[in-house]
K.L.:
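Before we start, here is the structure in question, set down as structure tokens.
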Amino acid sequence: MTPPILRPSPLVLALAAAFALPAAADTPPPAAPGQTVIDADRIDGQMESRIQARGDVVIRRDDQTIKADWLDYFQSENRVKAGDKVEFVDGANRVDAHALDYNVATREGEASDASFAGRGEDGRTLRGDGEKIEFKGRDRYRLVRARANTCAPGDDSWYLKAGTIDVDYTRNVGVARHARLDFQGVPILYTPWIDFPLDGGRKSGLLAPVLKTGSDGFELALPYYFNLAPNYDLTLTPRVFAERGAMLGAEFRYLQPGYSGSIFTEQMPDDKVYGQSRAAWRVRHAQNLGAGFSLGYDLNYVSDADYFKDFGSRVDIASNVNLARDAWLNYGRSWDGGGASGQLRLLRYQTLQDADTPVTPPYALLPRLSGSATQALPAGFSADVFAEFTRFTHPTLQDGNRLVVYPSVAWAFERNWGFLRPRLGVHVTEYELDALGERQAERRSRTLPVFSTDAGLVFERPSTLFGRSHTQTLEPRLFYVNVPTRDQSELPNFDSAEKDFSFAQLFTANRFTGQDRINGVHALTVALSSRYLDDASGLERLRVELGQRHYLRKDSISLSGAPEELENRGSDLVATVGGDLTRAWRADASYQYNQQLGKTERYEWGARYSPEPGKTVSLRYRYGRDEDVGFGGVRAPLRQVDVAAQWPVARKWYVVARNNYSLTDKTALEQLAGVEYNDGCWTARVVGQRYVTDLTNTKNAVFLQLELKDLGGIGSNPVDTLRLAIPGYSKINDPRQGL
């Protein structure tokens with residue numbers, strides 16, 4: 001047995017030096033691993049059995065340090081008894097107690113009338129106190145009749161009070177038994193057992209409950225998380241709706257080096273309001289097969305057309321008109337100077353119909369086989385080819401096959417002062433159409449050459465903007481396109497639609513999406529851009545763009561495929577302005593003028609002031625002469641004002657608000673208002689939201705959340721809703737979520 005090293009205090013060493021006593025004790029050998037070192041004002045006892053240390057006692061062994069008024073060390077047992085005022089540091093953890101009985105070798109023992117502070121690997125600190133702390137080995141503790149929280153010392157705004165709290169930093173898990181959560185001295189939650197991660201990692205157990213209220217009354221969800229393995233997990237979420245009944249949700253996720261995915265479902269056996277069972281499914285998978293191949297699928301299903309209106313958010317309602325059931329097999333490879341890719345795809349939809357505004361479901365692709373290849377050629381030339389075969393099916397419209405082949409050759413001349421990019425291609429389309437009613441099966445074809453040239457120059461000069469040194473550019477650009485006009489009214493329209501007109505569309509050869517419609521056009525786009533580039537940071541502080549397409553002939557085609565004659569030699573005039581003018585100010589605007597009608601077609605302007613996280617105010621106005629208002633293709637004039645803000649109004653207090661108002665309908669499309677409070681160790685949010693779900697109905701929601709630092713939140717979390725509603729919104733209790 002290695003005897004302890006005894007070190008008198010500095011006072012004893014100074015007296016020894018003054019009276020010329022032997023000084024060997026002031027330069028003891030360094031402690032070896034497992035060696036116990038004792039410092040004190042006075043040390044008595046026998047080395048072989050019991051050592052008594054009194055006055056400023058310090059005992060060290062490896063990463064353990066004990067400080068006390070008095071201490072007895074039993075060498076044969078490696079046992080320490082210390083008292084009156086004990087400070088014990090064990091690695092990153094600390095215990096302060098009135099008395100300590102502890103084995104420094106096995107790290108077992110107990111402390112009475114003690115407080116605890118432990119720090120996990122990610123820096124999270126758990127603090128607690130109790131009648132007794134039991135030491136269970138390295139980095140393992142039990143707090144008896146204790147309370148604990150993750151706040152700063154002296155902050156007891158909330159705490160977990162329990163019969164026992166087990167803290168195990170070897171597994172980064174905490175377990176509390178017979179626990180209740182006290183907030184501001186008021187018990188708000190009780191559980192006979194709860195476990196929680198100590199480092200923010202994944203851990204099986206009950207997650208924070210979700211409480212909601214709104215149009216459907218009160219809702220309670222109690223999610224339970226199963227950390228089944230490092231690469232897959234499961235979350236079960238029982239939910240109770242006061243008016244509708246019970247629902248069970250489940251999400252299984254998996255992740256492997258070569259593939260990943262998830263399976264999600266919600267099941268309500270009996271909706272008391274709707275009068276039938278309700279359900280939703282979402283299955284996603286992506287996998288790398290190697291050798292350039294990959295596959296995946298995204299399958300979605302709901303039991304009825306009103307599912308997202310009843311159980312979804314505003315985003316769910318707007319984005320889930322056509323639910324995709326999509327599966328694909330991809331291939332890609334590259335080589336020196338080129339590459340190729342291909343895809344086999346199966347796609348069909350579940351269309352959620354609104355009785356007031358029915359829509360035509362899109363065609364299913366059963367299947368679509370597509371591929372493309374590119375190859376660089378000498379002297380700046382390149383060759384490209386795109387090919388696609390699709391089988392289109394529909395429950396009420398004509399089915400058919402479509403083959404598209406589009407080879408092209410391009411040349412690129414690129415310099416820092418400008419560019420020239422001509423391209424010539426031939427678009428070949430073949431159709432095999434099935435019989436439908438009185439229409440016979442038939443074959444159709446179309447062949448169109450497509451020529452375009454994109455050219456631009458870049459001029460620069462030193463300038464200033466808001467008193468700062470900038471480089472201003474002047475960038476004229478021309479885009480020429482020539483496509484013959486062909487009557488396409490006898491061709492089906494499986495997947496084409498007219499693109500929304502914008503500045504970017506001025507530089508495209510086809511104003512239609514898909515492959516069924518190709519516009520006849522002979523036109524020249526003339527555009528001018530100017531940018532201000534900050535010399536210090538290189539950031540684009542301001543961009544101004546103006547452009548218009550001039551038609552060199554007036555014939556074209558409509559979406560129906562029939563030829564039409566343009567009444568004006570020029571397209572709508574488009575202008576845009578935008579940029580981060582300063583660190584705090586962001587502004588943008590766009591304007592579109594219809595020369596044919598002599599009217600403004602649409603414009604939009606907006607500004608946002610965000611000087612720092614937690615402070616943002618934005619104002620936006622949208623005008624449209626004839627717009628799709630988003631409900632089943634209904635078109636109407638659009639005039640909307642959108643005001644949103646997040647701003648501190650007092651110390652720790654923030655207000656959040658949004659009002660998206662339709663001046664045309666004289667009604668609010670979305671209203672949101674609430675308050676946030678950040679105390680440092682806890683954050684509270686109360687937010688109310690009201691939004692339009694269709695032409696005649698609205699929905700209300702109230703979010704109530706109490707978020708405890710490093711422990712989680714109780715209630716319904718409005719953060720995602722606030723981020724979508726308020727440009728520049730930041731989470732006030734997480735600096736990483738700032739601007």
K.L.:
Spell out, as yes or no, whether a donor-acceptor pair under 3.5 Å connects the side chain of Glu388 to the backbone of Arg368.
P.N.:
no
K.L.:
Once you round to the nearest 0.5 Å, how far does CG of Leu436 lie from CG of Leu397?
P.N.:
7.5 Å
K.L.:
Applying the ring-ring contact (aromatic ring centres under 6.0 Å, His included) criterion to His285, which one of Trp328, Phe252, Tyr297 satisfies it?
P.N.:
Tyr297
K.L.:
What pairs meet the salt bridge (Lys or Arg N to Asp or Glu O under 4.0 Å) rule with one or both residues in residues 507-527, with sequence neighbours excluded?
P.N.:
Arg402-Asp516, Glu498-Arg511, Arg511-Glu564
K.L.:
Classify the angle between the aromatic ring planes of Tyr406 and His427 as parallel (below 30°), tilted (30 to 60°) or perpendicular (above 60°).
P.N.:
tilted
K.L.:
Any Lys/Arg nitrogen of Arg602 or Asp500 sitting under 4.0 Å from an Asp/Glu carboxylate oxygen of the other?
P.N.:
yes
K.L.:
Parallel under 30°, tilted from 30 to 60°, perpendicular over 60°: which one fits the rings of Phe479 and Phe507?
P.N.:
perpendicular
K.L.:
Could you pull out the closest heavy-atom pair between Tyr532 and Ser463, with the gap in Å?
P.N.:
CE2-OG, 3.6 Å
K.L.:
Could you list the residues that satisfy side-chain hydrogen bond (donor to acceptor under 3.5 Å, both in side chains) with Arg625, not counting sequence neighbours?
P.N.:
Glu601
K.L.:
Tell me whether Glu545 is salt-bridged to Arg543, with the criterion being a basic N under 4.0 Å from an acidic carboxylate O.
P.N.:
yes
K.L.:
Between Arg531 and Glu540, what is the shortest heavy-atom contact and its length?
P.N.:
CD-OE1, 2.9 Å
K.L.:
Answer yes or no: is there a donor N or O on one side and an acceptor on the other, between the side chain of Ser537 and the main chain of Leu539, under 3.5 Å?
P.N.:
yes
K.L.:
Which distance, rounded to the nearest 0.5 Å, do you find between the CG of Leu491 and the CZ of Arg444?
P.N.:
7.5 Å
K.L.:
Would you sort out whether Glu460 and Gln472 count as a side chain to side chain contact (heavy atoms under 4.5 Å, CB included), showing the intermediate values?
P.N.:
CA-CA 6 Å; Glu460 296 182 351; Gln472 182 188 8; over 6 Å; no
K.L.:
Strictly distance-based, threshold 3.5 Å: is any side-chain N or O of Ser452 a donor or acceptor partner for the main-chain N or O of Tyr480?
P.N.:
no
K.L.:
With ring-ring contact (aromatic ring centres under 6.0 Å, His included) as the criterion, how do Tyr603 and Tyr593 come out once you've worked through the C-alpha distance, each side chain's angles and the decisive distance to 0.1 Å?
P.N.:
CA-CA 9 Å; Tyr603 65 87; Tyr593 180 74; over 10 Å; no
K.L.:
Side-chain polar contacts of residues 415-424 - donor-acceptor pairs under 3.5 angstrom, sequence neighbours left out - could you list them?
P.N.:
from   : atom 1 : to     : atom 2 : distance (Å)
Arg421 : NE     : Glu414 : OE2    : 2.7
Arg423 : NH1    : Asp384 : OD2    : 3.3
Arg423 : NH1    : Ser408 : OG     : 2.8

K.L.:
Nearest 0.5 Å please: distance from the CZ atom of Arg553 over to the CZ atom of Arg569.
P.N.:
10.5 Å
K.L.:
May I ask you to check whether Asn322 and Thr351 show a side-chain donor-acceptor distance below 3.5 Å?
P.N.:
yes
K.L.:
Indicate whether the side chain of Arg284 and that of Ser262 have a donor and an acceptor atom separated by less than 3.5 Å.
P.N.:
no
K.L.:
Please round to the nearest 0.5 Å and tell me the distance separating atom CD of Gln595 and atom CG of Asp572.
P.N.:
7.5 Å
K.L.:
In terms of ring plane angle, is the pair Phe311 and Tyr307 parallel, tilted or perpendicular, where the classes change at 30° and 60°?
P.N.:
tilted
K.L.:
With heavy-atom distances below 4.5 Å as the criterion, would you say the side chains of Gln375 and Trp335 are in contact?
P.N.:
yes
K.L.:
Side chain to side chain contact (heavy atoms under 4.5 Å, CB included) between Asp642 and Arg622: does it pass, once the steps are laid out?
P.N.:
CA-CA 8 Å; Asp642 196 341; Arg622 295 178 61 198; over 6 Å; no
K.L.:
Salt bridge or not for Asp580 and Arg541, using N-O below 4.0 Å?
P.N.:
no
K.L.:
Closest heavy-atom contact between Phe503 and Ala527?
P.N.:
CZ-CB, 4.1 Å
K.L.:
Please identify each residue that fulfils side chain to side chain contact (heavy atoms under 4.5 Å, CB included) with Phe264, with sequence neighbours left out.
P.N.:
Glu251, Glu266, Arg282
K.L.:
Counting only N and O atoms by type, is there a donor-acceptor contact under 3.5 Å from the side chain of Asn594 to the main-chain atoms of Thr600?
P.N.:
no
K.L.:
Which atom names give the shortest non-hydrogen contact between Pro449 and Pro484, and what distance separates them?
P.N.:
O-CD, 3.2 Å
K.L.:
Please walk me through it: do Gln256 and Gln287 pass side chain to side chain donor-acceptor pair (under 3.5 Å)?
P.N.:
CA-CA 9 Å; Gln256 292 284 0; Gln287 185 165 353; over 6 Å; no
K.L.:
Tell me if a side-chain donor or acceptor on Asn482 pairs with a main-chain N or O of Phe451 at a distance below 3.5 Å.
P.N.:
no
K.L.:
Just to verify, what does Leu581 make a side chain to side chain contact (heavy atoms under 4.5 Å, CB included) with, not counting sequence neighbours?
P.N.:
Phe466, Leu542, Trp585, Ala587
K.L.:
If I compare all heavy atoms of Arg486 with all of Ile557, which pair ends up nearest, and what's the gap?
P.N.:
O-CG2, 3.6 Å
K.L.:
Please report the shortest heavy-atom distance between Tyr349 and Pro362, naming the atom on each side.
P.N.:
CD1-CG, 3.3 Å
K.L.:
Is a side-chain N or O of Asn519 found less than 3.5 angstrom from the main chain of Ala509, in a donor-acceptor match?
P.N.:
yes
K.L.:
Could you check whether any side-chain N or O of Thr471 sits under 3.5 Å from a backbone N or O of Arg461, counting only pairs where one atom can act as donor and the other as acceptor?
P.N.:
no
K.L.:
When rounded to the nearest 0.5 angstrom, what is the spacing between CG in Leu403 and CD in Gln515?
P.N.:
11.0 Å
K.L.:
Applying salt bridge (charged side-chain N to carboxylate O under 4.0 Å, His left out), run through Asp298 and Arg325 and close with a yes or a no.
P.N.:
CA-CA 6 Å; Asp298 183 0; Arg325 289 106 181 247; over 6 Å; no
K.L.:
Determine whether a donor-acceptor pair (N or O, by modelled atom type, separation under 3.5 Å) exists between the side chain of His394 and the backbone of Pro361.
P.N.:
yes
K.L.:
May I ask you to decide if Asn493's main-chain N or O and Ser496's side chain share a donor-acceptor pair within less than 3.5 Å?
P.N.:
no
K.L.:
Yes or no on side chain to side chain contact (heavy atoms under 4.5 Å, CB included) for Leu546 and Val574, after CA distance, side-chain angles and deciding distance?
P.N.:
CA-CA 6 Å; Leu546 178 66; Val574 182; over 6 Å; no
K.L.:
Taking Arg549 for the side chain and Leu506 for the main chain, is one N or O donor matched with an acceptor at less than 3.5 Å?
P.N.:
yes
K.L.:
According to side-chain hydrogen bond (donor to acceptor under 3.5 Å, both in side chains), who are the partners of Ser445, at least two apart in sequence or on a separate chain?
P.N.:
none
K.L.:
Aromatic ring centroids of Phe494 and Tyr363 under 6.0 Å?
P.N.:
yes
K.L.:
Hydrogens and angles aside, do Ser560 and Ser558 bring a side-chain donor and acceptor to less than 3.5 Å of each other?
P.N.:
yes
K.L.:
Supply the atom-to-atom distance Gln353 CD to Asp304 CG, rounded to the nearest 0.5 angstrom.
P.N.:
13.0 Å
